[in-house]
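Below is one structure, written out as C-alpha cells, with a few remarks after it.
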Amino acid sequence: MLGFIILNSTIFIREFIIAHKRNKQDVFIEKLDSALFTYTQKLENTYPLGFFIKLKSVVTSVDQITEYNNIVVKNKFNSAKKDTLKDDEIYVLVLGESARKHNFSLYGYHRNTNPLLARQKNLIKFDDVKTSAGFTHLSVPMILSRTTPQNNTQKFSEPTLVNAFKEASFKTYWLSNQDYKSSSIFKLYAQQVDYYKNTAVSIDVPTYDEILAKEFTTVLNDTTSKKKFIILHLIGNHYRYNLRYPKAFQKFNPITSNKVLFSNNEKNLKEPFTNSYDNSILYTDYVLNLFIDALKKTKKISYLFYISDHGENLYDTNEHLFLHGQLNPTKYELNIPLFIWLSKQYQEEYPIKTTILKENKSKKIASTNSFHTILDLSNITYPTEKLFKSFANKKFDSLQKRYFYRIDKTILKLD
Ligand SMILES: [Zn+2]
C-alpha cells in the first residue's frame, strides 16, 4: 500500500513539474489542473484502478448523452431552408487544431507553407480572426453552437449546427481524426449526427489527417441524400508536431527529436520545434487541398469553411512560451486562420452572399461568428437568428467587440 502511495505521488509530482515547465506564467490552479488531467490519464492505463475509472466515465457519459438528447429535443431551432432548391448541396466545416495564422504563407509567412492552397481559386481568406478560447474543448463548442465567452455553460444546453442542419433536412456527417474521451463534449455533439466515423488512434502515435480524405470521398459518394453537412475534425498541428505529417513533408530542417518533451534549454528548441510545426502546416495545406479538390470534382453547390480552434506559442517572445492555453493569450494563440472555398456552382446560386463574404474579408471576426455565418451561407433560417453575427450578411456588425474565455472562467476583452 505504501509503495502504491509513493508511486502515485511520484507520478503526480512529475506531472506537476512538467506542467510548470510548460507554462511558467500560469497560475498555480491551472498547473494543478493540467497535472491532474495527465495523472488521471496515466491511472486509466493501470489495472484494476483504470478499469473502474473508465467504467465510471462510461456511465457518466451515458447519463450526459440522455440528458443532452432531452435538451436538444426541447430546444429546437425550427430551422429551414429559405429556398426550394432542388440541386444537391454539400456544405463542409473543417475544424483545424492548434494552427496559428502566423505560420501560413497564405497570410504572408516567409516560408512557403501553403503552396497548394495558394493556387486554389475561389478561396476567400479572412485577415482578422480571433479565437474565443485557448483550449479545444472550450473553443470548438463556440464554433459549433451559440455558446460565447459570456455564456460558456450554454454549450451543455444548446443544440449545435448538427441539429440546425438536420432540422433543415440535411443529412449530417462527422468525421474525426481526434480521439474523444467518453465524457467529452464532442461525444455529446457527435452522437447527434446521422453518420459518425472516428479514425483516431492516440495523440502519441503518427495520426495523419489524410486518412479523413478517404472517408470524405465515401461520404461524398453517399447517394442516400442530396443535401449534406459534413464536419471534419483534424488533429492538424497539435503537439507533437513530428507525429502529424509523413516523411515526405519534412521540408524544413532540422526537426526536433521525438524524445524531447520540454526543457529549460528552450532557446535551442525554438528552431527545431518551429521546423517541425511548419512541416505540419505544409501537410495541412496538402490535406485541405485534397478536400477542396474532392468537392470540386462533384460539381455541386458547395463550400468548405476552415477555421482553427486556437493558435500556438513556439517560444516567440522573451517569456519563452510554448503550446497554448495561457491565461493571457499571446497574439500567436489568438490569431487564427479562417478561409472559405466556394464552388463555382455555389457562387452562381448565391452571388450576393459571395460578394458580401469578399467585402468582409478584412473585418474584425470572432470564432463565435462561425455558427451564424455557416447557417446563413447555407441559406438556412430560424426564428431567433441573429444575422448581424454572420459575416456573409449585409447586416454584419463589423464593429463588434471580441472576447476571450479563460481557463479560470474569467473573460478577457480583446478589442
Ligand atoms: Zn486545440
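Worth knowing before you read on, the calculation uses all heavy atoms, side chains too, and leaves out hydrogens, waters and symmetry mates. In each ligand, atom 1 is the first atom listed, and ligand 1 is the first ligand listed.
At most 12 non-hydrogen atoms from other residues, nucleotides or ligands lie less than 6.0 angstrom from NZ of Lys197.
In this structure, Ile365 CD1 and Asp127 CG are separated by 8.5 Å, a value rounded to the nearest 0.5 Å. Interatomic distance, CG of Leu342 versus OG of Ser302, reported as 8.5 Å (0.5 Å rounding).
Not one N, O or S atom of His324 sits under 2.8 Å from the Zn ion (ligand 1). At a cut-off of 2.8 Å, Ser98 does not coordinate the Zn ion (ligand 1) through any N, O or S atom.
Between the side chains of Tyr315 and Asn313, no donor-acceptor pair of N or O atoms lies under 3.5 Å.
Summary: OD2 is the N/O/S atom of Asp309 found nearest to the Zn ion (ligand 1). The N, O or S atom of Glu97 with the smallest distance to the Zn ion (ligand 1) is OE2.
Taking the six-membered ring for Trp and the full ring otherwise, the centers of Tyr109 and Phe104 sit at least 6.0 Å from each other.
Centred on the Zn ion (ligand 1), the angle running from His310 (NE2) to Thr136 (OG1) is recorded as 130°, rounding to 10°.
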